[in-house]
K.L.:
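Below: one structure in structure tokens.
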Amino acid sequence: MPYNFKEIEAKWLKIWEETGLYKTKENLQKKFYCLEMLPYPSGDIHMGHFRNYTIGDVVSRYKMMQGFDLLHPLGWDAFGLPAEEAAIKHKLNPKDWTLNNISVSRATLKKIGISYDWDKEIITCQPDYYKWNQWIFIKFFEKGLAYRAKALVNWCPKDKTVLANEQVEAGKCWRCGTEVTKKELEQWFFRITAYAERLLADLDKLNGWPENVKTMQRNWIGKSEGVEINFTLEKTGEKLSVFTTRPDTIYGVTFMSMAPEHSLLKSMEMEPKYKKEVESYIGKSVLKSDIERTATIGEKDGVFTGRYAINPLSGEKVALWVADYVLATYGTGIVMGVPAHDQRDFLFAKKYNLPIKIVIQPQGQKLNEKEMSEAYEDEGTMVNSGEFGGLSSSEGIKKVIDFVEKKKLGQKKVNYKLRDWLISRQRYWGTPIPMIDCPKCGIVPVPEKDLPVILPEGDIDYIPKGRSPLEDVKEFIETNCPKCKRKAKRDPDTMDTFVDSSWYHIRYIDNKNSKEIFDKKKVACWMPIDLYIGGITHATGHLLYFRFFTKFLHDMGYLKVDEPVTKLFNHGMVLDAQGEVMSKSKGNVVSPIDVINKVGVDTARLAMLFAAPSDKEMLWTEDGLTGTERFLNRVYRIGESLDKSVVDLKNKFDITTLSDSEAVTYRKLNQTIKKVTEDIEALQFNTAIAAMMEFINVLDGLDRNSPVYTYSAVNLALILAPFAPFMAEKLSEKWGLSKGSVFKAQWPSYDPDALKEEEITYVVQVNGRLRATLEAPVGLQDEELTRLALGSDKVKTYLKDKEIVKTIVVPNKLVNIVVK
RNA sequence: GCGAAAGUGGCGGAAUUGGGAGACGCGCUGGACUUAGGAUCCAGUCCCGCAAGGGGUGGGGGUUCGACUCCCCCCUUUCGCACCA
């Protein structure tokens with residue numbers, strides 16, 4: 001019979017709640033801030049959440065037993081599109097829908113018994129939270145880090161609506177299937193690029209972050225060092241600035257191309273014949289989706305403007321083209337075309353029969369324009385390059401930059417792929433942007449005393465119309481200018497929800513503060529986050545914004561730290577038994593509630609943790625429950641068979657006075673304590689559980705009347721506690737291991753003396769293959785081990801008629817006899 | 001295309017400063033206890049072979065006394081970036 005988990009769970013959930021076991025302490029001795037990524041309440045929680053939170057819960061409980069004061073909060077990322085979609089589809093209010101999902105999810109989490117301090121909960125769609133989004137926004141604005149600019153957004157011409165990137169499927173509107181186009185709107189941006197260098201450089205400080213996340217962030221930031229060189233437009237002498245990382249190829253320029261969006265194109269004079277073609281090309285390019293413009297590598301097109309540019313170094317005249325492989329948003333939006341040494345330029349030149357000029361020769365071979373089938377992009381020796389001829393590429397790069405700077409033809413420049421963060425959303429369900437547009441004073445921030453700007457509720461049409469639904473809510477939009485008191489309008493847009501999740505971890509610490517965003521002193525005690533657990537999907541989004549906010553608040557004097565997280569852990573995804581992602585539409589979502597009703601929380605936790613390493617994706621199958629269920633039943637039966645313990649936990653046994661089976665058990669116990677401790681630290685729970693299973697297999701072989709048996713069982717209950725908290729509480733109570741809760745007991749330390757072994761197994765190899773093993777005292781001398789090995793009958797048969805070439809001994813491990 | 005990670009029994013997975021491949025668990029086979037067993041316990045379970053023995057960590061080569069582990073080439077899978085001048 002399996003034990004009655006329902007009864008045990010109910011009992012301890014109540015006790016934990018009543019005694020406030022997880023309440024965050026005020027006076028800290030040693031702190032541990034354990035955090036899991038803020039969930040979006042889309043319904044009830046699923047197995048993926050369950051896995052994520054169980055990882056955090058194991059670590060939290062382990063740290064509690066090590067005497068740490070814990071902060072382990074959870075809240076809700078409550079703004080966002082799905083709430084509006086539900087509102088449109090089911091005629092529900094986004095707020096009611098969201099709050100209902102939160103209460104369902106919270107109830108599940110409570111039932112599962114994750115060690116959260118629910119007093120710390122935050123809900124981002126509530127005014128007491130988003131007020132501080134608005135406050136931060138104004139701080140950004142005051143520092144010049146929030147600004148308005150025109151930006152192209154996705155636009156569905158049929159629905160007449162702005163679409164989020166996620167609502168554009170293969171270039172088409174998700175709702176009506178119409179080809180999505182671009183529309184230019186005034187938008188708010190956060191100037192994250194001002195922090196690009198620090199965000200990049202400080203990655204080196206993040207020793208507790210996985211290398212792949214850091215690499216992804218480095219690539220995303222995309223630092224590139226080069227030089228801006230000013231070409232000029234023939235006849236008018238207008239400046240045509242280009243960015244290049246390869247100034248050593250400047251003599252190889254045979255054409256120039258500019259982005260269709262480039263502002264110069266609007267003012268530049270062109271002969272009517274060319275102007276018409278250029279305009280038609282621009283029109284086509286703008287209609288192209290991003291995918292079409294960027295995904296097709298190889299096919300490149302453009303049109304000639306009829307104008308020419310002058311190369312400031314060579315003085316040569318080259319054709320100026322418009323081509324949409326040139327991005328308006330990177331560098332200067334104009335590119336120098338060097339077909340011999342850039343593959344894109346090469347393809348472009350081939351297509352339009354533009355000249356190819358070799359200016360870099362590789363070592364040991366000679367390129368020839370007519371025979372080239374692709375560009376030579378590596379470094380080499382500069383040729384056909386005037387006074388720079390004969391220099392190596394690396395020298396040439398330096399020399400050309402020096403020359404350009406001296407002659408004031410341009411300057412060194414660092415470019416980043418990272419763009420400023422567009423935060424405006426033409427949506428209802430988000431934080432109102434706290435700005436007022438006054439016809440006289442311009443854009444004016446809402447004074448701090450008037451915050452929060454409350455999101456209006458009631459009869460609002462959520463269906464997007466290409467502008468924010470708030471624009472039609474008169475009571476909201478119409479206001480007075482804080483400066484001149486005249487009639488003015490509020491900003492109708494709301495903020496990207498990534499703003500909410502960029503600083504929530506700090507608000508947890510002081511979530512009830514109505515006077516300021518948080519108390520600096522309290523925050524200084526708890527920050528940084530010691531362990532942050534979440535999915536890899538946020539590597540370049542949330543985790544970058546979150547670092548950006550931390551640095552900003554640091555610069556403002558609100559935070560001591562300038563990085564939010566010491567150790568980052570990315571858990572793997574949970575897939576169904578067929579290896580498919582669980583999703584509502586597929587109908588394959590497994591609810592943790594169903595599982596725990598069947599087998600109990602502890603079994604479900606163990607099965608989840610045992611099935612795969614926590615950082616790898618796992619297939620969820622109920623088959624995995626059987627093994628852990630049996631294991632817990634065995635533990636429970638040990639509990640049944642042993643009465644109130646009289647074991648002194650501080651006691652250590654002297655292994656030399658124990659019987660053989662006692663010594664084996666005692667040694668294994670201490671090895672297990674060591675292994676489990678190390679594995680929890682490394683977040684390798686599957687091997688920790690395997691170690692405990694191994695141990696119970698050994699323990700079962702020991703006489704129950706031995707004091708070592710009781711001692712071992714008690715210690716097993718303690719190291720099992722973070723994994724199977726209910727079972728551990730049950731045993732702890734029976735055996736009187738601590739007052740009130742097993743999580744107030746001390747985490748066991750292993751006895752180093754017990755780990756020492758006097759007899760060990762030596763491996764004997766002949767030509768590197770295992771041929772025998774020897775039981776012998778630890779610390780055998782090389783010669784002695786060799787002598788024993790050669791003396792073994794088994795080994796002798798392999799040495800027959802062979803000549804021993806040499807022997808290799810690895811102390812306390814093996815001897816390898818090499819024969820011929 | 002570029003970058004990163006990975007590939008081990010029927011299955012999930014252990015083991016890497018180079019030293020006993022397959023820990024632990026599932027499943028399966030046989031047995032014990034049973035009126036019964038989807039409970040529990042015992043034994044077995046990488047492959048070929050009656051055995052002795054041989055082979056074996058995606059494939060091929062290499063370094064080494066010795067390679068799942070290190071190096072080179074190839075194949076497959078997953079993820080990230082996708083014209084960044």
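Proteins come first, then strands; the chains are lettered A, B, ... in the order of their sequence lines, and each starts at number 1.
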K.L.:
Please, what dot-bracket string fits RNA chain B when only Watson-Crick and G-U pairs with both distances under 3.5 Å count, crossing ones use [ ] and pairs to another strand use |?
P.N.:
(((((((..(((......[....)))((((((.......))))))(((....)))..(((((..]....))))))))))))....
K.L.:
When every nucleotide of nucleotides 15-27 of chain B is labelled 5' to 3' by its protein contacts under 4.0 Å (heavy atoms), B for base, S for sugar-phosphate only, - for none, what sequence of letters results?
P.N.:
----BB--BBSSS
K.L.:
Let's see if you can work this out: which of G13(B), U40(B), C84(B) has an atom nearest to the side-chain heavy atoms of A612(A)?
P.N.:
G13(B)
K.L.:
Under 4.0 Å between a side-chain N/O of Y325(A) and OP1 or OP2 of A82(B), yes or no?
P.N.:
no
K.L.:
With respect to the phosphate group of C84(B), does any side-chain polar atom (N or O) of R419(A) fall under 4.0 Å of OP1 or OP2?
P.N.:
no
K.L.:
For residues 768-778 of chain A, which side-chain N or O atoms pair as donor and acceptor with protein atoms under 3.5 Å away, sequence neighbours left out?
P.N.:
residue, atom, partner, partner atom, Å
R771(A), NH1, Y798(A), OH, 3.4
E775(A), OE1, T761(A), OG1, 3.4
E775(A), OE2, T761(A), OG1, 2.9

K.L.:
Pairs under 3.5 angstrom, nitrogen or oxygen only, protein versus nucleotides 3-9 of chain B, please.
P.N.:
none

K.L.:
Can you list the residues that meet the salt bridge (Lys or Arg N to Asp or Glu O under 4.0 Å) rule with D700(A), with sequence neighbours excluded?
P.N.:
R634(A)
K.L.:
Using the test side chain to side chain donor-acceptor pair (under 3.5 Å), find all partners of D782(A) that sit at least two apart in sequence or belong to another chain.
P.N.:
none
K.L.:
Does R771(A) reach a base, just sugar-phosphate, or nothing at all? Heavy atoms under 4.0 Å.
P.N.:
sugar-phosphate
K.L.:
Who passes salt bridge (Lys or Arg N to Asp or Glu O under 4.0 Å) against R630(A), sequence neighbours left out?
P.N.:
none
K.L.:
Are OP1 or OP2 of G1(B) and a side-chain N or O of R344(A) less than 4.0 angstrom apart?
P.N.:
no
K.L.:
Around atom NZ of K598(A), are there more than 12 heavy atoms of other residues, nucleotides or ligands at under 6.0 Å?
P.N.:
no
K.L.:
Measure CD/E617(A) against C1'/G12(B) and give the value in whole Å, please.
P.N.:
13 Å
K.L.:
Report the distance from atom CD of Q343(A) to atom C1' of C84(B), rounded to the nearest whole Å.
P.N.:
16 Å
K.L.:
With sequence neighbours left out, what residues match E377(A) under side chain to side chain donor-acceptor pair (under 3.5 Å)?
P.N.:
none
K.L.:
From CZ of F255(A) over to C1' of A85(B), roughly how many Å is that when rounded to an integer?
P.N.:
11 Å
K.L.:
Under the side chain to side chain donor-acceptor pair (under 3.5 Å) rule, collect the residues that match up with D602(A), sequence neighbours excluded.
P.N.:
none
K.L.:
What residues, two or more places apart in sequence or in another chain, satisfy side chain to side chain donor-acceptor pair (under 3.5 Å) together with Q671(A)?
P.N.:
none
K.L.:
List for me each residue that meets side chain to side chain contact (heavy atoms under 4.5 Å, CB included) alongside Q781(A), sequence neighbours excluded, and say none if there are none.
P.N.:
E783(A), E784(A)
K.L.:
Going by salt bridge (Lys or Arg N to Asp or Glu O under 4.0 Å), name the residues that satisfy it together with K223(A), two or more places apart in sequence or in a different chain.
P.N.:
E197(A)
